[in-house]
Amino acid sequence: MLPEGLQRTLARARKAVAFTGAGISAESGIPTFRGDDGLWSKLRPEELANFDAFLRNPQLVSEWYAHRRHVTRESRPNPAHDALVEMEDLFDKFIIVTQNIDNLHRRAGSKNIAELHGNIERNYCLGCGARYDGEEFEDNPTFTCPKCGGLIRPDIVWFGEMLPTEEWEKAEAAAEEADVMFVVGTSAVVYPAAELPMTVNRQGGKVVEINIEETPLTRIADYSLRGQASVFLVEIVEKLKELRKVGKYTE
Ligand code: OAD
Ligand code: ZN
């Protein structure tokens, strides 16, 4: 059962944001970053996920992303991603703001998405800017541009890099006006992304956290749902469908 207050929030909310992190894809078999089994417990971000590391050892960094691309291509969206596809029709305005690069929200069928940290299926050449998106990229084992011989890098945000301006502005604008934000499967420690729930909180919107553990955000969340993303998102979507049909609380 969802808390009574949360049900009232859902009934009234017209503008919603789902802010997602690696935890939403954990049930698809994609490793998260932090925690005992997280990628950053075995690998050092400073050796892999930044531009200097890439220039120092492009082959190593490229192979790591090729591996992660392989893992994500082999995996599939899970019921949590599917629930967010349904959510799009249950609010007047809805956007997914994701920190994930795994492309699973798109593959699930969500349309309005701001990808704050890029997407592992997009790549571009540092030499000539040519783009290598989707399947065509894996054809080239040397990770260099067939057009100019330059290095091809993933179109993702590495540590120390700026977030894509347009995506960030969309995310901030959505947070500024959201009646409710669902914060799903993120440790909420990587900035500036982690500011977004604070923005919602500041302007009087409700913050609903869904996570198997407590996070630094838990103390500002209006509701903290402790458990798997799929379980609670499916329940919330069911509740929304019921509320929208009945219209009991609508103004
Ligand atoms: P983290 O690995 O930091 O956090 C994953 C969160 O998901 C944790 O809080 C887990 O408790 C939670 N979790 C795990 N399984 C879950 C499940 N089934 N249901 C609900 N919650 C679950 O991942 P992010 O917060 O996404 O940055 O990390 C943020 C950024 O740090 C990433 O985008 C990446 C990384 O360095 C870049 O690549 C720029
Ligand atoms: Zn090139």
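Both ligands and their constituent atoms are indexed starting at 1 by order of listing.
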Worksheet item: Does CZ belonging to Arg76 count more than 12 external heavy atoms closer than 6.0 Å?
Response: no
Discussion item. Please give me the protein atoms (N, O or S only) lying under 2.8 Å from the Zn ion (ligand 2), ordered by chain and number.
Written reply: Cys125 SG, Cys128 SG, Cys145 SG, Cys148 SG
Any luck finding a side-chain donor-acceptor pair between [X] and [Y] under 3.5 Å?
{"X": "Ser28", "Y": "Asn78", "answer": "yes"}
{"X": "Thr215", "Y": "Glu209", "answer": "yes"}
{"X": "His105", "Y": "Thr20", "answer": "yes"}

Practice prompt. Collect the protein residues that have a non-hydrogen atom under 4.0 Å from ligand 1 and hand them over in chain and number order.
Written response: Gly21, Ala22, Gly23, Ala26, Glu27, Thr32, Phe33, Arg34, Trp40, Gln99, His117, Val157, Phe159, Gly185, Thr186, Ser187, Val190, Asn211, Ile212, Glu213, Gly227, Gln228, Ala229
Discussion item. Nearest 0.5 Å, please: how far is CG in Leu39 from CZ in Arg44?
Written reply: 15.0 Å
Discussion item. Let me confirm one number: the NZ-CG distance from Lys206 to Leu10, rounded to the nearest 0.5 Å.
Written reply: 11.5 Å
Discussion item. With salt bridge (charged side-chain N to carboxylate O under 4.0 Å, His left out) as the rule and sequence neighbours excluded, what pairs involving residues 78-106 come up?
Written reply: Glu86-Lys241, Lys93-Glu177, Arg106-Glu115
Worksheet item: Which residue pairs satisfy the salt bridge (charged side-chain N to carboxylate O under 4.0 Å, His left out) criterion with at least one member in residues 56-69, sequence neighbours excluded?
Response: Arg69-Glu138
Worksheet item: Are Lys42 and Asp37 within salt-bridge range, i.e. N to O under 4.0 Å?
Response: no
